[in-house]
Trainee: 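Following this message is one structure expressed as structure tokens.
Letters go in sequence order (proteins before strands), and every chain restarts at 1.
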There are 2 protein chains.
Amino acid sequence: MPSRDQSVTTIQRELTAFARRARAAAARMHPELSLVSFTLLSHMEDQQGCRATDLAAYYMLDKSTISRQIAALEKLGFIERRTDPADHRIQLLHLTAAGTEKLAEAAVLRRHAFHERLADWEEGDLERFAAYLLRYNSTAPDGS
Amino acid sequence: MPSRDQSVTTIQRELTAFARRARAAAARMHPELSLVSFTLLSHMEDQQGCRATDLAAYYMLDKSTISRQIAALEKLGFIERRTDPADHRIQLLHLTAAGTEKLAEAAVLRRHAFHERLADWEEGDLERFAAYLLRYNSTAPDGS
DNA sequence: CCACGGGCGTTGTATTATGCAACTAGCCAG
DNA sequence: CTGGCTAGTTGCATAATACAACGCCCGTGG
């Protein structure tokens, strides 16, 4: 019965509903690390040596926003900037030990919450859901 | 190869990434109607006569935030409040004709964007994705 | 070698969303 | 009627964000 239109509507509605909650949930789980901070930190962990510009592009945030987030994370001692020796304009971002640890802490809390929430999901469904999200996010992340 | 843990991690990561973008995308598509406004309006259309408290609970927003959003939407002429005759504390929220129209406009833009983005998805995948999101959001929306 | 255009990042400024706390008004049970 | 509860509003503070102007460094073309 769900038409293509209806599926699309549901997807946008539910994704949006999720978005509304994510921040609050993050704030509850790890007040020390906002959702944005957590996400950026997480990204940096995966992409050791990424640039601020990369983050800005990926998350559709202004470079100034990223700059401030990075400054805050550095002040907290969670990341360090290493100027690219080959191009002094560029800062390569790396997690510090403290950052890795902090991220792990938050991740544990988040994972716990998500696991609880997804406890009764079959593994196959989880995989498919994850795959859909990846696929969704991989398409046209720009704002053309 | 994706373990349960990994799927869960991916889900949170990708949902979060989506969340980061949704607002910016909404701002681009319909600057008149923020993502929150759109979502609330959309909710009100489905649940004619819902209360502010319902919205606050569903979207995990403070009642004051909802109150202000509602005030703004009313000022724009998109909704009207009808005091519940049975309980004068309660305001039942209804879309006006203008609100319905505005919402439809925004919905068209959004649907267009989403459709473009999801153009190459098979209908079955869309349905499953939508179902997963619904299922996800339906579980434990509270913050216990 | 030097100047210019462009990319990367920072800082100043303003806006906006949001939460918390205090408050008002209306309901209901004792 | 009074106390306690619920719905919603408002004052206040904060945090996230965008935009614009700027500084720094790169490479290229004269």
Trainee: Applying side chain to side chain contact (heavy atoms under 4.5 Å, CB included), name anything that partners Asp62(B), two or more places apart in sequence or on another chain.
Mentor: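 Ser64(B), Thr65(B).
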Trainee: To the nearest Å, give me how far apart CG (Leu92(A)) and P (dG9(C)) are.
Mentor: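 Interatomic distance, CG of Leu92(A) to P of dG9(C): 9 Å.
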Trainee: Under the ring-ring contact (aromatic ring centres under 6.0 Å, His included) test, which residues partner His30(B), sequence neighbours left out?
Mentor: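 Scan of His30(B) (ring-ring contact (aromatic ring centres under 6.0 Å, His included), adjacent residues dropped) gives Phe38(B).
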Trainee: Would you kindly give the CG-to-C1' distance between Leu73(A) and dA16(D), to the nearest whole Å?
Mentor: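 Taking CG of Leu73(A) and C1' of dA16(D), I get 14 Å after rounding.
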Trainee: Quick one, give me the B/S/- string for nucleotides 19-30 of chain C, reading 5' to 3', where B means a protein heavy atom under 4.0 Å from the base and S means that only happens at the primed atoms, P, OP1 or OP2.
Mentor: BB-----BS---
Trainee: Without hydrogens or angle criteria, can the side chains of His94(B) and Gln48(B) be said to hold a donor-acceptor pair below 3.5 Å?
Mentor: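 Yes.
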Trainee: Considering residues at least two apart in sequence or located in another chain, which fulfil the salt bridge (Lys or Arg N to Asp or Glu O under 4.0 Å) criterion with Asp87(B)?
Mentor: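 So Asp87(B) forms a salt bridge (Lys or Arg N to Asp or Glu O under 4.0 Å) with Arg89(B).
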Trainee: Apart from Leu92(A) itself, which Ile, Leu, Val, Met, Phe, Trp or Tyr residues share its cluster (side-chain heavy atoms under 4.5 Å, direct or through members)?
Mentor: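 Once heavy-atom contacts under 4.5 Å are chained together, Leu92(A) belongs with Ile90(A).
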Trainee: Is Gln69(A) close enough to dA15(D) that one of its side-chain N or O atoms is under 4.0 Å from OP1 or OP2 there?
Mentor: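 No, outside the criterion.
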Trainee: What is the distance, to the nearest angstrom, from the CG atom on Leu33(B) to the C1' atom on dT16(C)?
Mentor: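 In whole Å, dT16(C) C1' and Leu33(B) CG are 15 Å from each other.
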Trainee: Give the rounded distance in Å between these two atoms: OH of Tyr59(B) and C1' of dA17(C).
Mentor: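 Those two atoms, OH and C1', are 17 Å apart.
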Trainee: Between the axis at one end of the helix from dC1(C)-dG30(D) to dG30(C)-dC1(D) and the axis at the other (five pairs apiece), what's the angle to 10 degrees?
Mentor: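 It comes to 10° between the two terminal axes.
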Trainee: Could you state the atom-to-atom distance from CD1 of Ile70(B) to C1' of dA7(D) in whole Å?
Mentor: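 Atom-to-atom, Ile70(B) to dA7(D), this comes out as 11 Å.
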Trainee: Could you tell me which residues satisfy salt bridge (Lys or Arg N to Asp or Glu O under 4.0 Å) with Asp54(A), sequence neighbours excluded, listed by chain and number?
Mentor: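 For Asp54(A) the salt bridge (Lys or Arg N to Asp or Glu O under 4.0 Å) partners, ignoring immediate neighbours, are Arg51(A).
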Trainee: Within this structure, what is the CG-to-C1' distance between Leu35(B) and dT16(C), rounded to whole angstrom?
Mentor: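 Checked: the CG to C1' distance equals 14 Å.
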Trainee: Please name all residues satisfying salt bridge (Lys or Arg N to Asp or Glu O under 4.0 Å) with Glu32(A), sequence neighbours left out, ordered by chain then number.
Mentor: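 If we apply the salt bridge (Lys or Arg N to Asp or Glu O under 4.0 Å) test to Glu32(A), skipping adjacent residues, there are no hits.
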Trainee: To the nearest Å, give me how far apart CD (Gln91(A)) and P (dG7(C)) are.
Mentor: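 That distance rounds to 18 Å.
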Trainee: Atom CG of Leu55(A) to atom P of dA16(D): distance rounded to whole Å?
Mentor: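 That distance rounds to 16 Å.
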Trainee: Once ring-ring contact (aromatic ring centres under 6.0 Å, His included) is applied, do any residues pair with Phe78(A), and if so which ones, sequence neighbours excluded?
Mentor: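 Not a single residue meets the ring-ring contact (aromatic ring centres under 6.0 Å, His included) criterion with Phe78(A).
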Trainee: Is there a side-chain contact between Thr53(B) and the phosphate of dG8(D), meaning an N or O under 4.0 Å from OP1 or OP2?
Mentor: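 Yes, within the criterion.
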Trainee: Taking the side chain as C-beta and beyond, is there a heavy-atom pair between Leu40(B) and Leu93(B) under 4.5 Å?
Mentor: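 No, side chains not in contact.
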